[in-house]
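Notes follow the structure.
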Protein chains: 2
Amino acid sequence: MELDARKIIILKTIIKNYLETGEPVGSRTISKYSELNLSSATIRNEMSDLEEMGYIIQPHTSAGRIPSDKGYRFYVDSIMRESDDRVNQVTELMVKKVDKLEMLLKNLVKHLAIDTNYAALISAPALSENKIKYVQLSQPGPGKLLLILVLEGNIIKNEILTIDEDLDMESILNLTIIINNHFSGLSLNEITRSTVRNVLEQSGEHRETVRIIIDAIIDMVEAGEESRDIYTSGATNILKYPELTDTKKAAALISAFEEKDALNKLVSEVTNDEISEGNRNNLQVYIGGEGPIQNMQDCSLVTANYELGDGLRGVIGVIGPKRMDYEKVLGTMKNLMEQLDKTFGKDSDSKEGKG
Amino acid sequence: MELDARKIIILKTIIKNYLETGEPVGSRTISKYSELNLSSATIRNEMSDLEEMGYIIQPHTSAGRIPSDKGYRFYVDSIMRESDDRVNQVTELMVKKVDKLEMLLKNLVKHLAIDTNYAALISAPALSENKIKYVQLSQPGPGKLLLILVLEGNIIKNEILTIDEDLDMESILNLTIIINNHFSGLSLNEITRSTVRNVLEQSGEHRETVRIIIDAIIDMVEAGEESRDIYTSGATNILKYPELTDTKKAAALISAFEEKDALNKLVSEVTNDEISEGNRNNLQVYIGGEGPIQNMQDCSLVTANYELGDGLRGVIGVIGPKRMDYEKVLGTMKNLMEQLDKTFGKDSDSKEGKG
DNA sequence: GTTAGCACTCTAATCATAGGACTGCTAACA
DNA sequence: TGTTAGCAGTCCTATGATTAGAGTGCTAAC
């Protein structure tokens, strides 16, 4: 059997209707709502076919039809293909004024959650590809050393280290210079054993301290890899959708949002997913149990890979019920990505100022 | 009418029972469970009195009784008075090993949420009383200035400022020295206009830059006042309790936990509450609509003011249903506070190492 | 002061019934 | 051959009635 033009119209009408109402859609409804001007009986025949083909499901004998995962998938793919270029009403992003990367991410994710009315998440950029600008050391107290790491993109990391000696001003200055000489301009991936060995050799009696410092630097940058910071917003939007309201499922989902561990796994899987060729916007849609959300049968996930210039790349996404307004979400996400591109693109000079 | 010993026993039995089961408690239950050896009829008479006195409520004619807010209050006060010194099974806190204040707070609040099975929150310490140890400046890029502020208690704050000039190394060093000369050892409250004026005068042509720096310093310290960072954990525990499961209320509560704004208000009100004389542990219990939680009629809040040494003071608390296991929560909180006291108390030398 | 017993009240659960929303099928129609 | 009207049949849901159970308040007796 083939999915001819009429079947497609009917399928889309069913899905659109179901997305709006959440109720199974009957043949009469379609007969009225579509522009096909067919009687409900004809529609019934077509629907019977569509069910046989696996695009729709009948919850029980005397009910209308609801989309199957295959149906959703078809619908989403057709939206993505049409690539609907009408721009949504764009809420002006205040990204330029934000000086702290953390604030920027929080704003973005909040914005996305409010716009879509679903739960949104964003992962902090990975740092291991970011070059180190410079390192600063100082001594906030006896036996302590404050290490400040400035990465490209003006990401600042700091940590207080416990060391076994007390350094005088000159030693601190010396160590700072040695470390910067070797590490400035390198990304984590470019730090080799021989670099480390060289630095250690030059640091003489402070060898142990320097080892602690280097370990801390590597830790700080690497920590962001396995367990990146993830910011979320609108987790409670999940409770707005009746199909997710059975308290147990909702609680599981929301606590996933609270705990972040599960999200981390999710993000890393999404990051590793290859981006399909025709997908110019990096947008990905996972429906039901697809891909990384296998334990969220009733949810769908829309993700995108964002880039803020300076190699700051991460994942941003929206989680909602399978019965999600895909069109709107995809539109919103696409817009957001375009705005980010415009604001942080290579040719922009306003990319400075995130710390 | 007077609350005699027998009435008290009955009242406590009712409340204890209700806390366990969540069901209204009938006279027969008490007749069986209490050690009074009275028939249900006698209990009924007493319960009738207790109801008249406002300690218990009858949801409907043929139901048992549940505690009123007044009843809860009586119960809680009596627990606090008895001050039950049997120590709960203490989970060993890993506070000493934690070098970042943020991690310490997150650990504490998570610990508390898991222990009590309710939602927990903790506010980051206020900073305006903390003295400035020193300030560091550096230049991560053109037109940018990285300001690092080290406060007593080894709290590190950093911010990237946008300035109108490019400074050479020497100027940066000079400015750093000038600022440190005047600001080291001062808390925000001790910074006066004349201090600021002096610094500005000494900074010559870099006057504008220094003004920006000073503003930033004040901002950083002050920001923590009105909108302190608040860490939460276990928000979804709220969904575990049937009386809070009507999705709307739960959503409101959980989203309060997500948004933090409401919590901020709450924390500041709690902070301002005077601590009643006999309350050696700083523990406060707010039941139903009492105090800062007026819009959480079905919840109770248990708070304590913690201190981590070095003047790092904040609020830690647990929010749960009114039908909360007060005894356990109060016990857990008390323990926690004692452990913190022991770990960070004046005579302890392990108070260093938080950043 | 305490207790047994009884009438009364109210809730929550169970069950039967009716109405409504669909479908699938058949037969007629263009 | 495709479309449509109509009808029987299915299943869900809402409604209402009934019942069992829990608990009270009151009275009278101990």
Within the structure, does a side-chain N or O atom of B:Arg28 lie under 4.0 Å from either OP1 or OP2 of C:dT3?
no
Pairwise N/O distances under 3.5 Å, protein to nucleotides 4-6 of chain C:
from: C:dG5; atom 1: O6; to: B:Arg44; atom 2: NH2; distance (Å): 3.1

Considering Watson-Crick and G-U wobble pairs with both distances under 3.5 Å, what does D:dC30 pair with?
C:dG1
Length of the CG-P vector between A:Leu50 and C:dT23, whole Å:
12 Å
Is any side-chain heavy atom of A:Tyr118 closer than 4.5 Å to one of A:Asp325?
yes
Atom CD of A:Glu52 and atom C1' of C:dG24: how far apart are they, to the nearest Å?
14 Å
Whole Å only: how far is the CD atom of B:Glu23 from the P atom of D:dA22?
12 Å
Taking all non-hydrogen atoms of both residues, which atom of B:Ala250 and which atom of A:Leu239 are closest, and how far apart?
C-CD1, 4.5 Å
Mind calculating the distance between CD1 (A:Ile30) and C1' (C:dT23) to the nearest angstrom?
13 Å
Of the listed nucleotides (D:dT4, D:dT24, C:dT3), which one gets closest to any side-chain atom of B:Gln58?
D:dT24
Pairing of A:Arg73 and A:Asp77 as salt bridge, 4.0 angstrom limit
yes
B:Ile43 CD1 - C:dT3 C1' separation (whole Å):
12 Å
Counting any heavy atom closer than 4.0 Å, what does A:Thr61 reach on the DNA or RNA strands: base, sugar-phosphate only, or nothing?
sugar-phosphate
To the nearest Å, give me how far apart CG (B:Asp49) and P (D:dT24) are.
14 Å
Find out whether B:Asp4 and B:Lys7 are in side-chain contact, i.e. whether some heavy atom of one side chain is under 4.5 Å from a heavy atom of the other.
yes
Check whether the side chain of A:Ser62 and the base of C:dC22 form a donor-acceptor pair under 3.5 Å.
no
Among the nucleotides D:dG25, C:dC10, D:dT3, which one has an atom lying closest to any side-chain atom of A:Thr42?
D:dT3
Side-chain ion pair, A:Asp261 and A:Lys265, N-O less than 4.0 Å:
no
When rounded to whole Å, the CD1 to P distance for the pair A:Ile57 and C:dT23 reads 15 Å
Any B:Arg65 side-chain N or O less than 4.0 Å from OP1/OP2 of D:dG25:
yes
Atom-pair distance (CD on B:Glu46; P on C:dT2), nearest Å:
7 Å
Give the ring-plane orientation class for A:Tyr72 versus A:Tyr18, where under 30° counts as parallel, over 60° as perpendicular and anything between as tilted.
tilted
Which pair of non-hydrogen atoms, one from A:Ser31 and one from A:Leu38, has the smallest distance, and what is that distance?
OG-O, 3.1 Å
